[in-house]
Amino acid sequence: MVMKVLVVGGGGREHAITRALSCNSDVRIFSVMARKNPGIARIAEQVLIERETNVPEIVRFATRNTLDTAVIGPEAPLEAGIVDHLEAAGIPCVGPTRAAARIETDKAYCRQLMERHGIAGCPEYRVCHDPEEARKFIEAYDGDLAIKPIGLTGGKGVRIMGEHVDVAGAIEYVRQIGGDVVLEERLLGAEFTLQAFVDGKRLVPMPLVQDHKRAYEGGVGPNTGGMGSYSLPDHMLPFVSRSDYREALGIMEGTVAAMQSEGVPYRGILYGQFMNTHEGPRVIEFNARFGDPEAMNVLSILESDFSRIVTGITQGDLASSDVRFAPKATVCKYLAPEGYPDAPVAHQPLTISDYGDALLYYANVEERDGTLRTLASRTLAFVGMGETLEEAEAIAEKAASAVSGRIFHRRDIGTRDSLEGWRHSHMKEIT
Ligand code: AMP
Ligand code: GLY
């Protein structure tokens with residue numbers, strides 16, 4: 001049966017969503033994006049170039065084309081209430097309502113929900129609405145804190161004491177952002193991502209992924225949206241034990257149950273970012289969507305029909321038997337313009353030569369008169385898949401090296417060196 005699906009968003013993540021949906025030839029894709037993503041445009045039957053938060057215009061596009069369902073990629077349209085409005089127009093969505101998206105868009109809500117329901121994995125925290133109150137808390141607190149603006153910041157709003165700022169710098173930062181902050185115990189350990197499909201009640205997990213947020217090799221330099229990520233054939237990570245994994249999954253299940261019990265059921269993709277501390281996994285944050293790049297790792301090895309999963313989520317009858325991933329390793333490498341993230345050189349031409357067996361996902365790039373050019377953010381991503389991490393890494397690396405232009409990527413992502421080195425520095429930190 002033909003299914004007409006709206007995909008909202010135009011980045012690498014949404015290209016991966018679109019590609020996965022289009023594996024079923026009965027799926028017809030309708031895309032809304034702020035700027036034309038050439039990868040998505042090639043698959044979609046129709047494209048609306050529009051701000052992804054222009055909800056009325058998107059609802060009109062969806063109803064005019066009698067679309068059956070929608071998958072929302074980024075967080076901004078969720079916060080703008082796109083799901084509430086599409087569903088009011090009779091179009092069920094993979095993505096939470098505005099109220100349920102607060103799990104990502106309102107960090108105070110997230111922590112208070114966890115506390116109300118006694119959900120494990122919540123760091124010590126304090127919500128402040130006033131710079132003076134925050135100053136007193138920071139000065140009195142014994143240890144380092146993470147300072148987070150309450151609302152969305154595009155992944156760039158967190159300052160960590162002992163890493164980015166000292167006590168005075170922390171107080172100054174709170175003043176700068178006006179006082180609405182969550183102050184959290186600084187967590188030490190190794191970060192991992194657990195994403196899950198959620199139908200309101202049930203949660204079906206995807207393979208674990210580790211993202212690399214720092215811009216440069218060896219894990220140094222400024223934080224970015226994510227320079228690349230990997231996953232392993234057993235869908236676990238070397239530094240996450242079975243019991244850590246069960247704990248993390250339990251935290252996510254507890255959160256979904258808590259939301260249901262409060263009358264704000266969660267439907268869509270739930271993304272848990274965890275710090276695996278020596279006391280077990282702690283929640284760094286929840287996102288109300290797929291991760292970017294993490295979506296590219298998991299969707300590239302999804303064996304089951306994504307459109308069936310979409311239906312399971314929207315109808316509230318998702319079964320774990322609907323979701324199967326290939327037992328393969330994946331390595332995703334993002335190419336970014338030189339100077340990214342602080343001073344990216346945009347509008348530079350790119351040439352892609354033979355990129356072998358990798359999957360290519362387009363992100364923030366423009367194609368004009370047959371020429372690809374960089375923009376200000378992450379440009380293209382390659383995903384290598386293999387029986388082993390080494391194999392997947394070699395495929396991704398070969399592909400990333402086949403692009404010429406004023407761009408760079410991290411050659412170390414997915415290499416054993418980076419894993420060992422990384423684990424080593426992490427061990428030093430927590431012991
Ligand atoms: P976020 O914007 O919440 O994804 O945070 C960005 C990065 O800040 C995370 O990837 C972590 O590395 C770091 N971070 C956030 N919260 C904490 C915390 N409580 N302790 C230590 N690091 C944190
Ligand atoms: N990779 C981190 C994020 O999507 O928020």
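Just so you know, residue 1 is the first one in the sequence shown, and it goes up from there. Just follow the structure's listing: the first ligand is 1, and inside any ligand the first atom is 1. Fair warning: this is a prediction, and the values are worked out from it, not measured in the lab.
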* Asked: Counting only heavy atoms, which portion of Lys213 has something under 4.0 Å from ligand 2: side chain, backbone, both, or neither?
  -> side chain

* May I ask you to identify, for Asn287, whether its side chain, its backbone, both or neither come under 4.0 Å of ligand 2 on a heavy-atom basis? => side chain

* Assess the side chains of Thr330 and Asn297: does a donor N or O sit below 3.5 Å from an acceptor N or O? => yes

* Asked: For residues Arg19 and Tyr361, is any side-chain donor paired with an opposing acceptor at under 3.5 Å?
  -> yes

* Asked: What do you reckon, does Ala295 put a non-hydrogen atom under 4.0 Å from ligand 2?
  -> no

* Asked: Is ligand 2 less than 4.0 angstrom away from at least one heavy atom of Gly291?
  -> yes

* His235, NE2: over 12 other non-hydrogen atoms inside 6.0 angstrom -> yes

* **Check against salt bridge (charged side-chain N to carboxylate O under 4.0 Å, His left out), Arg410 and Glu217** => CA-CA 5 Å; Arg410 278 184 58 173; Glu217 281 163 26; over 6 Å; no

* **Heavy-atom nearest neighbour of atom 5 (O) of ligand 1 within options Leu183, Val158, Leu188** => Val158

* **Option nearest atom 13 (C) of ligand 1 (shortest heavy-atom distance, choices Asp211, Ile147, Ile160, Asp144)** => Ile160

* Quick one: does Glu163 get within less than 4.0 Å of ligand 1, heavy atoms only? -> no

* Arg282 to ligand 1, any heavy atom closer than 4.0 Å -> no

Taking the basic N atoms (NZ, or NE/NH1/NH2) and the acidic carboxylate oxygens, is any pair closer than 4.0 Å for [X] and [Y]?
X	Y	result
Arg282	Glu184	no
Arg175	Glu133	no
Arg135	Glu132	yes
Arg116	Glu262	yes

* Asked: Any idea how Phe197 and Phe306 line up, ring-wise: parallel (<30°), tilted (30 to 60°), or perpendicular (>60°)?
  -> tilted

* **ligand 2 to Asp211 polar contact by distance, N or O atoms, under 3.5 Å** => yes

* Asked: Ala146 to ligand 1: N or O pair under 3.5 Å?
  -> no

* Give yes if a backbone or side-chain nitrogen or oxygen of Lys148 is under 3.5 Å from a nitrogen or oxygen of ligand 1, and no if not. => yes

Which residue supplies the protein heavy atom nearest to [atom], what is that atom called, and how far is it?
atom	result
atom 1 (N) of ligand 2	Glu294 OE1, 2.8 Å
atom 2 (C) of ligand 2	Tyr271 OH, 3.3 Å
atom 3 (C) of ligand 2	Arg289 NH1, 3.7 Å

* Structure fact -> ligand 2 to Gly225, heavy atom cutoff 4.0 Å, flagged ligand atoms 1 (N)

* To do: Using a strict 4.0 Å cut-off to heavy atoms of Pro293, name the atoms of ligand 2 that fall inside it.
  => 1 (N)

* **Approximate separation, where rounding is to 0.5 Å, of Glu124 CD and Arg111 CZ** => 11.5 Å

* Is the gap between the ring centers of Tyr271 and Phe290 under 6.0 Å? -> no

Per-atom contacts of ligand 1 with [X], taking only distances under 4.0 Å to non-hydrogen atoms:
X	result
Leu187	18 (C), 19 (N), 20 (N), 21 (C)
Glu185	18 (C), 19 (N), 20 (N)
Gln273	4 (O), 9 (C), 10 (O)

* Asked: Do Lys148 side-chain atoms and Val181 backbone N/O form a donor-acceptor pair below 3.5 Å?
  -> no

* Asked: Hey, is Ile284 touching ligand 1 through its side chain, its backbone, both or neither, going by heavy atoms under 4.0 Å?
  -> side chain

